[in-house]
Amino acid sequence: MSSAISQVSLSELPTDNWMANLPSALWDTPLCYIAIPGSHNAITYCLDKNDRSPVDLTQPDMLQKLDKYMKPIIRPFVYKWAIAQIVLKEIREWLDVHPKEVVILSFSHFIGLSQELHTLLVSTIKSVFDSKLCPKMDHVTLRTLWSQGHQVIVSYEHNIANCHRELWFHIPYWWANKCKAEALIEEFERRKQNGRPGGFFVTGINLTEDLKYICSHPTESLRDMVMSTYPTLLSWVKQQKPGSNTGSLNIIAGDFVTESQFIPTVIALNENLLNRTIIPEP
C-alpha cells in the first residue's frame, strides 16, 4: 500500500478571510501559537503637521529639539515618515462583513493622555466593538471565539486595563530599533535564543528611521525605505516557525503590509503547525 502526504497551501488563502479558511486542525490551536500578520502604527489617528501631536519622547533628542524650535520645517518630515491611519469604526464595519476574522489591537504610547481621556478612549472602544470584544482568558482559540461571537482582542498598555475585563494587558513587542534589515534580523535571532513570551507577542520587522537616515534621504519617505528592504526581510520571515517552542514567533508586524507579499508570507508559516498525516491510498 502506497501513501501520500497531504499538503495545504495557506499562502493562497484570501488575505481578508484567511482565519475563516484555515484548516480545522488549527481551530483549537491557541492564537498565541499561530503566525498572525500585523500592521505597525495602524492607528496613528491624531497625527498632524501642527503642534497638537507631540513627538514621541522615545525619539532621538535632536529630533525632539528640532520639532520644538523648527516646527514648520520639521513637522512635514515627521508626518511623511509616520502616517498610517485606520479608525475604529472602519474596523468594526469590516468585522461585520467578516464574521470569522479576529483582530488584535494594541493601544500604547499614550503621550499626554490624561486619566479622563483614557476613560473616554476605553468607553469609545467598548461602545464601538460591544459584544465583539473578547474578555481576558488563557489560550484563546478560533473555535472559542467563533462560538462566543468575539472578534476583537484589545491590549491596553495602561493600568486602567486592570479595571476592565475586556482590556488585555500589554502584549510584548520585539522592536529592534534598526534602520538596516540585516541588523534587525541579527537582533531578532539573538532574542529568539532566549525563548518566546508565554502568550501573545509581536515581532516588529518595522525599520526605524533615525534622524541621520532622514537627513541623508530628504527626498524619501518611510515607504521608500520599507519597500527597498522587504525582499531581505521577507526572506527571513519565510524561515520562521510559529508555535510554543523556543525561537517560535507569533504576531509579525510590518509597515505598508498590503503593498508586498508580507501577509500571505506570514499566513503560510502556519503550515508548520499542520500534521502531515499519511493517507493510505485504496
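Side chains included, hydrogens not; waters and symmetry mates left out as well; all remaining heavy atoms used.
With rounding to the nearest 0.5 angstrom, the SG atom of C32 is 10.0 Å from the CD1 atom of I171. For the atom pair I252 CD1 and I267 CD1, the distance stands at 11.0 Å (nearest 0.5 Å). Residue F262 holds its CZ atom at 8.0 Å from OG of S39, rounded to the nearest 0.5 Å. Between the CG atom of L184 and the CG atom of N177 there is a distance of 10.0 Å, given to the nearest 0.5 Å. Atoms CG and CG, from N245 and N272 in turn, are 11.0 Å apart once rounded to the nearest 0.5 Å. The distance from atom OG1 of T203 to atom CG of L249, rounded to the nearest 0.5 Å, is 4.0 Å.
Sorted by first and then second residue, the pairs that involve residues 20-33 and meet side-chain hydrogen bond (donor to acceptor under 3.5 Å, both in side chains), not counting sequence neighbours, are D28-R143. Counting only residues at least two apart or on different chains, the salt bridge (charged side-chain N to carboxylate O under 4.0 Å, His left out) pairs with a member in residues 108-129 are K126-E166.
Nearest heavy atoms, G254 versus I205: CA-CG1, 4.0 Å. The two atoms that bring I153 and C134 nearest to each other are CG1-CB, 4.0 Å, heavy atoms only. The minimum heavy-atom distance between P264 and S11, with the atom names listed, is CB-O, 3.6 Å. For the pair Y173 and G204, the tightest heavy-atom approach, listed with the atom from each and the gap, is OH-CA, 3.5 Å. Considering all non-hydrogen atoms of both residues, M19 and E101 come closest at N-OE1, 3.1 Å. Taking both residues in full, the closest heavy atoms of P135 and H150 are given as CD-NE2, 3.6 Å, listed atom of the first, atom of the second, then distance.
Ion pairing between K89 and E93 fails under the 4.0 Å rule for side-chain N and carboxylate O.
The salt bridge (Lys or Arg N to Asp or Glu O under 4.0 Å) test applied to D138 returns no partner, not counting sequence neighbours. For R92, the salt bridge (Lys or Arg N to Asp or Glu O under 4.0 Å) criterion is met by D96, not counting sequence neighbours. Legend: residues meeting salt bridge (Lys or Arg N to Asp or Glu O under 4.0 Å) with E189, ordered by chain and number and at least two apart, are K192. Listed by chain and residue number, nothing satisfies the side chain to side chain donor-acceptor pair (under 3.5 Å) test with Y230 (two or more places apart in sequence, or in another chain). Applying the side chain to side chain donor-acceptor pair (under 3.5 Å) criterion to T232, with sequence neighbours excluded, gives no partner residue. Remark: T229 engages A181, L207, L233 in a side-chain contact (heavy atoms from CB on, under 4.5 Å) (not counting sequence neighbours). With sequence neighbours excluded, the residues satisfying side-chain contact (heavy atoms from CB on, under 4.5 Å) with Q115 are H158, I160. Among residues two or more places apart in sequence or in another chain, the ring pair (Phe, Tyr, Trp, His ring centres under 6.0 Å) test is passed with F200 by W168. T246 meets the side chain to side chain donor-acceptor pair (under 3.5 Å) test with no other residue; sequence neighbours excluded. Not a single side chain to side chain donor-acceptor pair (under 3.5 Å) links R165 to another residue, sequence neighbours left out.
Results of the side chain to side chain contact (heavy atoms under 4.5 Å, CB included) test with V152 over D130, L95, I125 single out L95 as the only residue that passes.
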W94 and D16: CA distance, side-chain angles, deciding distance, side-chain contact (heavy atoms from CB on, under 4.5 Å) verdict: CA-CA 9 Å; W94 186 86; D16 65 339; 4.1 Å; yes

L105 vs I91, side-chain contact (heavy atoms from CB on, under 4.5 Å): CA-CA, chis, key distance, verdict: CA-CA 10 Å; L105 304 178; I91 297 175; 4.0 Å; yes

Candidate pair V140 and L145, rule side-chain contact (heavy atoms from CB on, under 4.5 Å), full reasoning: CA-CA 7 Å; V140 62; L145 291 167; 3.4 Å; yes

side-chain contact (heavy atoms from CB on, under 4.5 Å) evaluation trace for L10 with L13: CA-CA 5 Å; L10 300 188; L13 296 182; 4.0 Å; yes

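Side-chain N/O atoms of Y156 and H164 include no donor and acceptor closer than 3.5 Å. Of the N and O atoms on the side chains of S147 and T144, not one donor lies less than 3.5 Å from an acceptor on the other residue.
Within a 6.0 Å sphere centred on NZ of K238, other residues, nucleotides and ligands contribute 12 heavy atoms or fewer. At most 12 non-hydrogen atoms from other residues, nucleotides or ligands lie less than 6.0 angstrom from CD of Q261. Surrounding CD of E186 are at most 12 heavy atoms belonging to other residues, nucleotides or ligands under 6.0 Å away.
The aromatic rings of W174 and F201 lie tilted to each other, with the angle between the two planes from 30° to 60°.
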